[in-house]
*Asks:* 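Would you mind keeping the following structure in view while I ask a few things?
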Amino acid sequence: MVATAATSSIFPVPSPSPDSGGAGNKLVGGQANLGGLKPKLVTSGGLKAKAQAPSKINGSTVATSVESLKLEDDLPSPPPRTFINQLPDWSMLLAAITTIFLAAEKQWMMLDWKPRRPDMLIDPFGIGRIVQDGLVFRENFSIRSYEIGADRTASIETVMNHLQETALNHVKSAGLLGDGFGSTPEMCKKNLIWVVTRMQVVVDRYPTWGDIVQVDTWVSGSGKNGMRRDWVLRDCKTGEILTRASSVWVMMNKLTRRLSKIPEEVREEIGSYFVDSDPILEEDSRKLTKLDDNTADYIRTGLSPRWSDLDVNQHVNNVKYIGWILESAPQPILESHELSSMTLEYRRECGRDSVLDSLTAVSGANIGNLADSGHVECKHLLRLENGAEIVRGRTEWRPKPVNNFGFMNEVPAEST
């Protein structure tokens, strides 16, 4: 009995409700048989009092467990868990995957994993870069389809334009380009511009469509008031030298159109970029004779510059003069020969309203059979209508090489 009483005090048996019926009576009777002892917590009145009395902690009323259950019962029930509502948010998942792939692609493009081959170029179409202790500027060019002629090679004008572009980019990369055409800041303050007085070019081979050429250029002093600029044009794939050129430049006042000495401020500005070297070409010291209507074999008249032929200094670009000179070259030479060398002396500039004549004389060849001639030399003169000389020149021509198709690089005959 003592054990039973102890067990009852530890594990109290709840009393049945008043309307529980016979089952509750039997339970009570069972407890009476065990000694008539009733647990203290069996009293229904005491249980209700404790359930209704709010608990307080540090003077604050705290909801009881029963009240908490009532609050939870008042909240809306969550939807039943199904396969659909357990899936992730696909929009957020797709955004995360896209971000990961973009980041991976960026890192992949930055990797330099491709194998190096001799025919692979690094940035072939870039603006160029300074090499050899900052004294030489190098730039690459791709020969475009619109830069080749009927013989499938780049024209001499294309080559000359690439040389001129490299020269200007050299000045720009060195930080010396003012608001003029190749003029430095000090030259702009004094209204000075560069003008070419002599150009000498030797072409060993002309590039073809799709070739990528590399142009190196540098400057040196020429006399007291001149500057020499040299170029070397190579095949990027083979390193073969294709063209060499050398030129002499002087300063001219763009307001008075008169030649000028190099001011000391300009000399200090550009002097550190001069290279102490010999010209890339041995100077052709042969005198360029003057032509006239009696000594010329071919004359082309009525040439005039277009607006697009003028540069930012409002005078005709020197490359345009070369095109005008070749306007009077005999057609048989143009079809069967290619220009191998050229020497030009620029004597006067040409204005936008000028009208010019182009004169050519052929030396050492039978004019009646030029197509079958070997090396041919021509003399040239470009003059204004009033007789004032613009350019004197001399060109040398060689027979065009046989190409891979087994015929001369000439204009194909029209099919019948």
*Asks:* Kindly indicate, with the supporting measurements, whether the criterion salt bridge (charged side-chain N to carboxylate O under 4.0 Å, His left out) is fulfilled by Asp284 and Arg394.
*Replies:* CA-CA 10 Å; Asp284 187 353; Arg394 177 172 49 249; 3.0 Å; yes

*Asks:* If the threshold is 4.0 Å, N to carboxylate O, is there a salt bridge linking Arg234 and Asp216?
*Replies:*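 Here Arg234 pairs with Asp216 in a salt bridge, since their nearest N and O are under 4.0 Å apart.
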
*Asks:* Quick one, Val203 with Ile156, criterion side-chain contact (heavy atoms from CB on, under 4.5 Å). Give me CA distance, side-chain angles, the key distance, then yes/no.
*Replies:* CA-CA 9 Å; Val203 180; Ile156 185 63; 4.1 Å; yes

*Asks:* Less than 4.5 Å apart, any side-chain heavy atom of Trp324 and any of Val316?
*Replies:*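 A side-chain contact under 4.5 Å exists here.
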
*Asks:* Take atom CZ in Arg286; do more than 12 heavy atoms of anything else shown fall under 6.0 Å from it?
*Replies:*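 Enclosed.
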
*Asks:* So, do Asp357 and Leu382 sit near enough that their side-chain heavy atoms are less than 4.5 Å apart?
*Replies:*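 Side chain of Asp357 against side chain of Leu382, heavy atoms only: no contact under 4.5 Å found.
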
*Asks:* Could you check whether any side-chain N or O of Asn191 sits under 3.5 Å from a backbone N or O of Leu255, counting only pairs where one atom can act as donor and the other as acceptor?
*Replies:*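 Not at all, since once roles are kept as given, no pair shorter than 3.5 Å links the two residues.
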
*Asks:* Using the ring of each side chain (for Trp, its six-membered ring), is His170 parallel, tilted or perpendicular to Tyr273, with breaks at 30° and 60°?
*Replies:*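 Aromatic pair His170/Tyr273 classed perpendicular.
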
*Asks:* Could you state the interatomic distance from CH2 (Trp249) to OG (Ser222), rounded to the nearest 0.5 Å?
*Replies:*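 The distance works out to 12.5 Å.
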
*Asks:* Looking at side-chain heavy atoms only, is the closest gap between Val266 and Met251 below 4.5 Å?
*Replies:*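 Result yes, sub-4.5 Å side-chain heavy-atom pair found.
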
*Asks:* Start with the C-alpha distance between Ser247 and Arg198, add both sets of side-chain angles, then the distance that settles side-chain hydrogen bond (donor to acceptor under 3.5 Å, both in side chains), and finish with yes or no.
*Replies:* CA-CA 5 Å; Ser247 60; Arg198 185 179 178 87; over 6 Å; no

*Asks:* Under a 4.5 Å cut-off applied to non-hydrogen side-chain atoms, are Leu233 and Gln214 in contact?
*Replies:*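 In short, these two side chains do not touch, never coming nearer than 4.5 Å.
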
*Asks:* Does Asp230 reach the main-chain N or O of Ile280 with its side chain, forming a donor-acceptor pair under 3.5 Å?
*Replies:*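 Checking the backbone N and O of Ile280 against the side chain of Asp230, a donor-acceptor pair under 3.5 Å is found.
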
*Asks:* Taking atom types as modelled, find out whether Ser260 and Asn253 have a side-chain donor-acceptor pair closer than 3.5 angstrom.
*Replies:*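 Side chains of Ser260 and Asn253: no pair found under 3.5 Å.
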
*Asks:* Tell me, with the steps shown, if Ser328 and His380 meet side-chain hydrogen bond (donor to acceptor under 3.5 Å, both in side chains).
*Replies:* CA-CA 8 Å; Ser328 61; His380 305 274; 4.7 Å; no

*Asks:* Go through the steps to decide whether Lys189 and Glu186 satisfy the test salt bridge (charged side-chain N to carboxylate O under 4.0 Å, His left out), and finish with yes or no.
*Replies:* CA-CA 5 Å; Lys189 293 178 182 178; Glu186 286 296 332; 3.4 Å; yes

*Asks:* Check the pair Ser220 / Trp218 against side-chain hydrogen bond (donor to acceptor under 3.5 Å, both in side chains), numbers first and verdict last.
*Replies:* CA-CA 7 Å; Ser220 306; Trp218 59 94; 4.6 Å; no

*Asks:* Do Asn318 and Tyr346 pass the side-chain contact (heavy atoms from CB on, under 4.5 Å) test, and can you show the C-alpha distance, the side-chain angles, and the key distance before you say yes or no?
*Replies:* CA-CA 9 Å; Asn318 66 83; Tyr346 295 85; 3.7 Å; yes

*Asks:* Assess whether a salt bridge exists between Asp204 and Arg244, defined as any Lys/Arg side-chain N lying under 4.0 Å from an Asp/Glu carboxylate O.
*Replies:*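 A salt bridge links Asp204 with Arg244.
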
*Asks:* Does any part of the side chain of Val391, heavy atoms only, come nearer than 4.5 Å to the side chain of Ile325, both counted from C-beta?
*Replies:*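 The answer is yes; the side chains approach within 4.5 Å.
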
*Asks:* Indicate whether any N or O donor in one side chain lies under 3.5 Å from an N or O acceptor in the other, for Gln200 and Ser246.
*Replies:*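 Side-chain D/A pair, Gln200 to Ser246: absent.
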
*Asks:* Could you walk me through whether Val215 and Leu163 pass the side-chain contact (heavy atoms from CB on, under 4.5 Å) test, one step at a time?
*Replies:* CA-CA 7 Å; Val215 183; Leu163 301 186; 3.9 Å; yes

*Asks:* Rounded to the nearest 0.5 Å, what separation is found between the CG atom of Leu384 and the SG atom of Cys350?
*Replies:*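 One gets 6.0 Å once the value is rounded to the nearest 0.5 Å.
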
*Asks:* Do the side chains of Arg352 and Asp309 get close enough for a salt bridge, i.e. N-O under 4.0 angstrom?
*Replies:*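 No salt bridge links Arg352 with Asp309.
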
*Asks:* Starting at CD of Glu338, measure out to CD of Glu396 and round the result to the nearest 0.5 Å.
*Replies:*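 Between atom CD of Glu338 and atom CD of Glu396 there are 13.0 Å.
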
*Asks:* Does a donor on one side chain and an acceptor on the other come within less than 3.5 Å for Asn169 and Thr166?
*Replies:*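 Absent: no donor and acceptor within the cut-off.
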
*Asks:* If you round to the nearest 0.5 Å, how far is CD of Glu265 from CD1 of Ile270?
*Replies:*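 These two atoms lie 12.0 Å from each other.
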
*Asks:* Okay, side chain of Thr99, backbone of Ala95: is any donor-acceptor separation there less than 3.5 Å?
*Replies:*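 Yes.
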
*Asks:* Is it true that the side chains of Asn161 and Glu147 contain a donor and an acceptor less than 3.5 Å apart?
*Replies:*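 Checked: Asn161/Glu147 side chains show no N/O donor-acceptor pair below 3.5 Å.
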
*Asks:* For Glu389, is there an ion pair with Arg348 - N to carboxylate O distance below 4.0 angstrom?
*Replies:*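 Answer for the salt bridge query: no.
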
*Asks:* Is any side-chain heavy atom of Arg229 less than 4.5 Å from a side-chain heavy atom of Val196?
*Replies:*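 Not touching, per the 4.5 Å side-chain cut-off.
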
*Asks:* Roughly how far, to the nearest 0.5 Å, is CG of Leu326 from CZ of Arg300?
*Replies:*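 Going from the CZ atom of Arg300 to the CG atom of Leu326 covers 12.0 Å.
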
*Asks:* How many angstroms lie between atom CD1 of Ile299 and atom CD of Glu327, to the nearest 0.5 angstrom?
*Replies:*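 One finds 14.5 Å between CD1 of Ile299 and CD of Glu327.
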
*Asks:* More than 12 non-hydrogen atoms from neighbouring residues, nucleotides or ligands closer than 6.0 Å to CG on Asn386, yes or no?
*Replies:*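 Result for CG/Asn386: enclosed.
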
*Asks:* Any side-chain donor paired with an acceptor under 3.5 Å for Ser363 and Glu377?
*Replies:*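 Ser363 vs Glu377: no donor-acceptor pair found between side chains.
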
*Asks:* Determine whether Pro399 and His337 make a side-chain contact, defined as any pair of heavy atoms from C-beta on separated by less than 4.5 Å.
*Replies:*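 Touching, per the 4.5 Å side-chain cut-off.
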
*Asks:* If you apply the rule salt bridge (charged side-chain N to carboxylate O under 4.0 Å, His left out), what do you find for Asp292 with Arg383, and how did you get there?
*Replies:* CA-CA 10 Å; Asp292 54 31; Arg383 69 186 184 188; over 6 Å; no

*Asks:* I'd like to know whether Val362 forms a side-chain contact (heavy atoms from CB on, under 4.5 Å) with Tyr298, so could you lay out the CA-CA distance, the side-chain angles of the two residues, the decisive distance to 0.1 Å, and finally the verdict.
*Replies:* CA-CA 9 Å; Val362 181; Tyr298 302 90; 3.9 Å; yes

*Asks:* I need the single residue from Thr153, Asp235, Thr243 that forms a side chain to side chain donor-acceptor pair (under 3.5 Å) with Arg205. Which is it?
*Replies:*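 Exactly one candidate clears the test, Asp235.
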
*Asks:* Are the side chain of Lys379 and the backbone N or O of Lys290 linked by a donor-acceptor pair below 3.5 Å?
*Replies:*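 Between the backbone of Lys290 and the side chain of Lys379 there is no qualifying donor-acceptor contact (under 3.5 Å).
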
*Asks:* Does any part of the side chain of Thr301, heavy atoms only, come nearer than 4.5 Å to the side chain of Leu356, both counted from C-beta?
*Replies:*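 A side-chain contact is absent here, since even the closest heavy-atom pair is not under 4.5 Å.
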
